[in-house]
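Atoms within each ligand, like the ligands themselves, are counted from 1 in listed order.
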Amino acid sequence: MQVLQRMADIGGHKFTIREQLIGGASIDATGEPLPADTVKSCLASDAVMLGAVGGPKWSDPNAAVRPEQGLLRLRAELEVFANLRPVKIFDDMADASPLKRELLVGVDLLVVRELTGGIYFGEKSRSATSASDLCIYEAFEIERIVRVAGRLASARRGKLCSVDKANVLETSRLWRDIASRVTREEFPELQVEHLLVDAAAMHLLSRPADFDVIVTENMFGDILTDEASMLAGSLGMLPSASLGEQSRGLYEPIHGSAPDIAGRGIANPCGMIASTALLLRHSLNLSEEAAQIEQALERTIRDGYRTADIAAGGSAVDTTEMTAAVIRHLD
Ligand SMILES: NC(=O)c1ccc[n+]([C@@H]2O[C@H](COP(=O)([O-])OP(=O)(O)OC[C@H]3O[C@@H](n4cnc5c(N)ncnc54)[C@H](O)[C@@H]3O)[C@@H](O)[C@H]2O)c1
């Protein structure tokens with residue numbers, strides 16, 4: 001919020017910001033994980049910025065009311081089906097990753113994950129001796145996510161990698177057919193590659209700098225994006241955007257509520273600040289301001305500011321100091 005406010009001052013913009021409850025805080029205050037007021041307010045906004053939901057206090061998996069229900073419903077209400085997770089490694093951060101520095105030079109990739117279909121949403125059943133989760137994809141769901149990824153790849157380095165498991169799964173064979181057709185008919189300029197998810201998991205570690213845009217289904221994307229986040233060295237560094245057909249989007253860092261460090265003032269704010277940049281770019285059409293925030297983040301890192309999660313045992317600043325440093329670089 002401080003960064004957004006400073007950006008508004010610098011650029012002469014006025015943002016109207018409303019705060020609403022979701023998740024555990026909302027369960028405590030209202031008994032529900034997503035009150036009607038919150039939904040109404042989000043639907044009336046150009047963009048939604050989300051602080052992670054959940055924590056040990058509400059972690060009973062058998063409870064009827066749980067924080068993550070609020071988030072799943074909010075995504076459905078906003079009709080955001082495309083989850084964008086950019087992973088860009090700042091040169092000065094390459095040593096924070098468990099991968100060798102030489103593999104990380106030039107890594108600048110974007111994973112586009114389908115967010116509202118697939119096995120997470122199919123019918124589930126369970127008996128004492130068996131269990132099943134149904135995986136369904138409709139053609140229109142694949143078409144629209146490939147289109148989003150195609151548009152993003154066209155505006156970047158022109159490379160698109162579609163990830164599936166077409167050697168085994170019917171949903172993946174449909175995925176590959178549609179991804180091939182949509183890219184051939186609508187994005188002939190793109191260099192398109194199809195990878196099986198097991199191979200993609202390997203290539204993400206062996207040649208991460210080769211990727212530009214990766215598009216994949218819900219569960220594969222869930223797993224690959226966490227793997228890709230380790231290229232950056234910490235969950236605390238990375239932003240995400242969830243988009244639908246409209247310009248309205250939902251923006252959040254990829255990390256959760258980090259209950260193990262809660263209240264100590266040491267959380268890395270970079271992922272949240274970078275999410276602010278995505279919000280300005282994708283929902284408010286303020287690309288220049290977005291780039292300014294990203295440059296301020298990069299310069300802050302270049303000047304040696306590190307929170308504990310990326311300090312590799314060296315000296316670290318706290319959340320407030322890190323944020324203040326980014327704002328100074330904006331100025
Ligand atoms: N989108 C969301 O709202 C979301 C996403 C993931 C997890 N969660 C929830 O968050 C809670 C904790 O989940 P988890 O522990 O699996 O994941 P987490 O991302 O909260 O934490 C994983 C590890 O990364 C560290 N970490 C995370 N963010 C950091 C930051 N900004 N700076 C420094 N270190 C950071 C944590 O300290 C922890 O060691 C759970 O209740 C989970 O359901 C919510």
Side-chain angles (χ1 to χ4, degrees), residues 1-3 20-28 33-34 38 42 48-63 65-78 80 82-85 87 93 96-98 111 113 115-116 120 218-219 221-243 249-276 278-279 297 300-301 305-323 325-326:
M1 286 307 154
Q2 288 170 29
V3 171
Q20 298 287 353
L21 290 173
I22 187 172
S26 175
I27 293 173
D28 285 356
L34 185 69
T38 302
C42 290
V48 178
M49 174 71 85
L50 184 96
V53 300
K57 184 175 174 191
W58 311 276
S59 65
D60 177 1
N62 297 315
V65 180
R66 296 191 311 277
E68 63 273 18
Q69 293 165 338
L71 180 54
L72 290 178
R73 238 195 73 216
L74 182 60
R75 287 175 178 158
E77 294 279 356
L78 293 171
V80 286
N83 183 232
L84 278 52
R85 287 190 179 188
V87 180
M93 278 285 298
S97 169
V111 183
R113 166 189 169 197
L115 202 58
T116 53
Y120 292 173
N218 202 343
M219 182 168 69
D222 194 5
I223 298 166
L224 291 180
T225 47
D226 265 28
E227 185 190 359
S229 75
M230 282 322 290
L231 301 172
S234 168
L235 283 177
M237 288 302 292
L238 297 177
S240 83
S242 299
L243 305 175
L250 175 70
Y251 300 86
E252 53 178 323
I254 69 162
H255 61 75
S257 59
D260 54 339
I261 57 167
R264 291 166 53 194
I266 59 169
N268 184 345
C270 292
M272 183 55 110
I273 293 173
S275 301
T276 320
L278 295 183
L279 182 154
L297 271 170
T300 305
I301 295 290
Y305 289 89
R306 300 283 187 276
T307 42
D309 55 312
I310 51 173
S315 67
V317 297
D318 63 16
T319 312
T320 309
E321 289 169 82
M322 189 76 173
T323 308
V326 175

query = Do you know which two heavy atoms are closest between Val80 and Ser242, and how far apart they sit?
reply = CG1-O, 3.2 Å

note = At a 4.0 angstrom heavy-atom cut-off, ligand 1 is contacted by Ala52, Val53, Gly54, Gly55, Leu71, Leu235, Gly236, Glu252, His255, Gly256, Ser257, Ala258, Pro259, Asp260, Ile261, Ala267, Asn268, Asp309

task = Step through the shown structure and confirm whether more than 12 heavy atoms of other residues, nucleotides or ligands are within 6.0 Å of CD on Glu321.
result = yes

inquiry  = When you measure from the side chain of Thr38 to the backbone of Leu34, do you find a donor-acceptor pair of N or O atoms at a distance under 3.5 Å?
reply    = no

key: Pairing of Arg85 and Asp226 as salt bridge, 4.0 angstrom limit   = yes

query = With sequence neighbours excluded, what pairs up with Asp309 under the side chain to side chain donor-acceptor pair (under 3.5 Å) test?
reply = Ser234, Asn268, Thr307

key: Taking every non-hydrogen atom, the tightest pair across Tyr251 and Ala241   = CE2-CB, 3.4 Å

